[in-house]
Amino acid sequence: LRILCTGRTRGYLYEPVLDLDFDGIVAGAGAHVTLGEELLYRRQVEPALRRRLAEAFLRLGQPCIFEGEREMLLLGMEGYAGFGWPVIRSLEDFDRLSEGVTINKLSLFGELKPGAAELLPPSLTLIPNRGYGEAVPAGCCKSDGMRRLLAAVGIGREDSVAFGDSGN
C-alpha cells in the first residue's frame with residue numbers, strides 16, 4: 001500500500017500530489033484519515049470555537065489559515081491570495097465563508113502575537129515550528145493517523161516503513 005501521511009489538510013494538497021494515486025491519506029496531522037474513498041477518521045475544530053478564534057485573531061492581527069478538507073480560509077494573509085483561497089477580512093467574511101466547512105486544523109503564521117497561544121483551549125494542541133505554529137485537535141498526530149489506517153488494513157507497524165522531510 002502507498003499511503004500519504006502529511007501535516008497538511010486535504011484542502012492544502014495540490015492536484016499533482018493527489019494524482020499520484022495513493023491508496024490512503026493521513027492528512028491534517030492525523031485529523032483526517034481515508035482509505036481509498038472510505039473515511040476512517042475525522043476530527044474537526046468545532047464551528048463555535050473556530051469562530052471565537054477568528055474573532056480574537058482578527059482583533060490581535062494574528063495571521064492564520066483555517067485548514068479544511070476542501071477549503072482553506074486565510075485570515076490576515078493577503079499574500080497567499082494568489083493560491084485562490086478566500087481572504088477573511090472581517091468576522092462577517094468568516095461567518096459567510098466558513099458555513100458548512102470542515103476545518104481540521106489551524107496554522108498561525110509569523111511570530112505569534114502576544115496572547116494568541118493562550119486563546120487556544122485544551123481541545124487544541126499547539127505545535128510550534130520556526131515561523132509558524134499548528135493548532136490541531138488534541139490527541140491528533142500523524143503517527144496516530146497511521147496507526148488507525150494500518151489497523152484498518154490489518155498491517156502491523158513493524159511491517160510498515162515511513163519517511164519524511166522534517167523532525168517529526
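Computed from a predicted model, the values in this text were never measured in an experiment. Numbers here simply count residues along the sequence, with the first being 1.
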Check whether any side-chain heavy atom of [X] sits under 4.5 Å from a side-chain heavy atom of [Y], and report yes or no.
{"X": "Met146", "Y": "Arg148", "value": "no"}
{"X": "Met77", "Y": "Val87", "value": "no"}
{"X": "Pro63", "Y": "Leu75", "value": "no"}

Closest heavy-atom pair and its distance - [X], [Y]:
{"X": "Pro122", "Y": "Ala138", "value": "O-CB, 3.5 Å"}
{"X": "Leu120", "Y": "Ala135", "value": "CD1-CB, 4.1 Å"}
{"X": "Val136", "Y": "Ala29", "value": "CG1-CB, 3.9 Å"}
{"X": "Leu97", "Y": "Val101", "value": "O-CG2, 3.5 Å"}
{"X": "Arg8", "Y": "Tyr14", "value": "NH1-CE1, 3.7 Å"}
{"X": "Ala31", "Y": "Cys140", "value": "CA-SG, 3.9 Å"}

Can you check side chain to side chain contact (heavy atoms under 4.5 Å, CB included) on Phe57 and Leu106, steps first, answer last?
-> CA-CA 11 Å; Phe57 292 161; Leu106 289 74; 4.0 Å; yes
If you round to the nearest 0.5 Å, how far is [atom2] of [Y] from [atom1] of [X]?
{"X": "Arg89", "Y": "Leu74", "atom1": "CZ", "atom2": "CG", "answer": "9.5 Å"}
{"X": "Leu112", "Y": "Glu118", "atom1": "CG", "atom2": "CD", "answer": "9.0 Å"}
{"X": "Thr125", "Y": "Ile127", "atom1": "OG1", "atom2": "CD1", "answer": "7.0 Å"}
{"X": "Arg43", "Y": "Ser123", "atom1": "CZ", "atom2": "OG", "answer": "8.0 Å"}
{"X": "Lys142", "Y": "Cys5", "atom1": "NZ", "atom2": "SG", "answer": "6.0 Å"}
{"X": "Asn104", "Y": "His32", "atom1": "CG", "atom2": "NE2", "answer": "6.0 Å"}

Say whether [X] and [Y] are linked into one hydrophobic cluster, either directly or through other cluster members, by side-chain heavy-atom distances under 4.5 angstrom.
{"X": "Ile25", "Y": "Leu149", "answer": "no"}
{"X": "Phe66", "Y": "Leu60", "answer": "yes"}
{"X": "Leu119", "Y": "Ile65", "answer": "no"}
{"X": "Leu53", "Y": "Leu126", "answer": "yes"}
{"X": "Leu35", "Y": "Leu39", "answer": "no"}

Counting N and O atoms only, with roles assigned by atom type, does the side chain of [X] sit under 3.5 Å from a partner on the main chain of [Y], one being a donor and the other an acceptor?
{"X": "Arg2", "Y": "Leu20", "value": "yes"}
{"X": "Gln62", "Y": "Phe109", "value": "yes"}
{"X": "Lys105", "Y": "Gly7", "value": "yes"}
{"X": "Arg50", "Y": "Ser98", "value": "yes"}
{"X": "Thr6", "Y": "Ala27", "value": "no"}

Name all residues meeting the salt bridge (Lys or Arg N to Asp or Glu O under 4.0 Å) criterion together with [X]; count only those two or more places apart in sequence or in a different chain, and write none if there are none.
{"X": "Arg147", "answer": "Asp144"}
{"X": "Glu69", "answer": "Arg42"}
{"X": "Asp93", "answer": "Arg96"}

Can you tell me if CD on Glu99 sees more than 12 non-hydrogen neighbours from other groups inside 6.0 Å?
->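 No, because the 6.0 Å sphere around CD of Glu99 holds 12 heavy atoms or fewer from other groups.
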Where do Val17 and Phe22 land on the side chain to side chain contact (heavy atoms under 4.5 Å, CB included) test, with the steps shown first?
-> CA-CA 9 Å; Val17 172; Phe22 291 99; 4.3 Å; yes
Going by an N to O cut-off under 4.0 Å, is there a salt bridge joining Arg10 and Glu67?
-> no
Hey, which of Ile155, Val153, Asp23, Val33 is the one that makes side chain to side chain contact (heavy atoms under 4.5 Å, CB included) with Ile3?
->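 Testing Ile3 for a side chain to side chain contact (heavy atoms under 4.5 Å, CB included) against Ile155, Val153, Asp23, Val33 leaves exactly one candidate, Asp23.
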Stepwise side chain to side chain contact (heavy atoms under 4.5 Å, CB included) check, Leu108 with Lys113 | CA-CA 10 Å; Leu108 289 73; Lys113 303 290 183 183; over 6 Å; no
Do Leu13 and Leu4 pass the side chain to side chain contact (heavy atoms under 4.5 Å, CB included) test, and can you show the C-alpha distance, the side-chain angles, and the key distance before you say yes or no?
-> CA-CA 10 Å; Leu13 296 175; Leu4 173 64; 4.0 Å; yes
ring-ring contact (aromatic ring centres under 6.0 Å, His included) between Tyr12 and Trp85, intermediate numbers included | CA-CA 10 Å; Tyr12 207 153; Trp85 302 325; 5.2 Å; yes
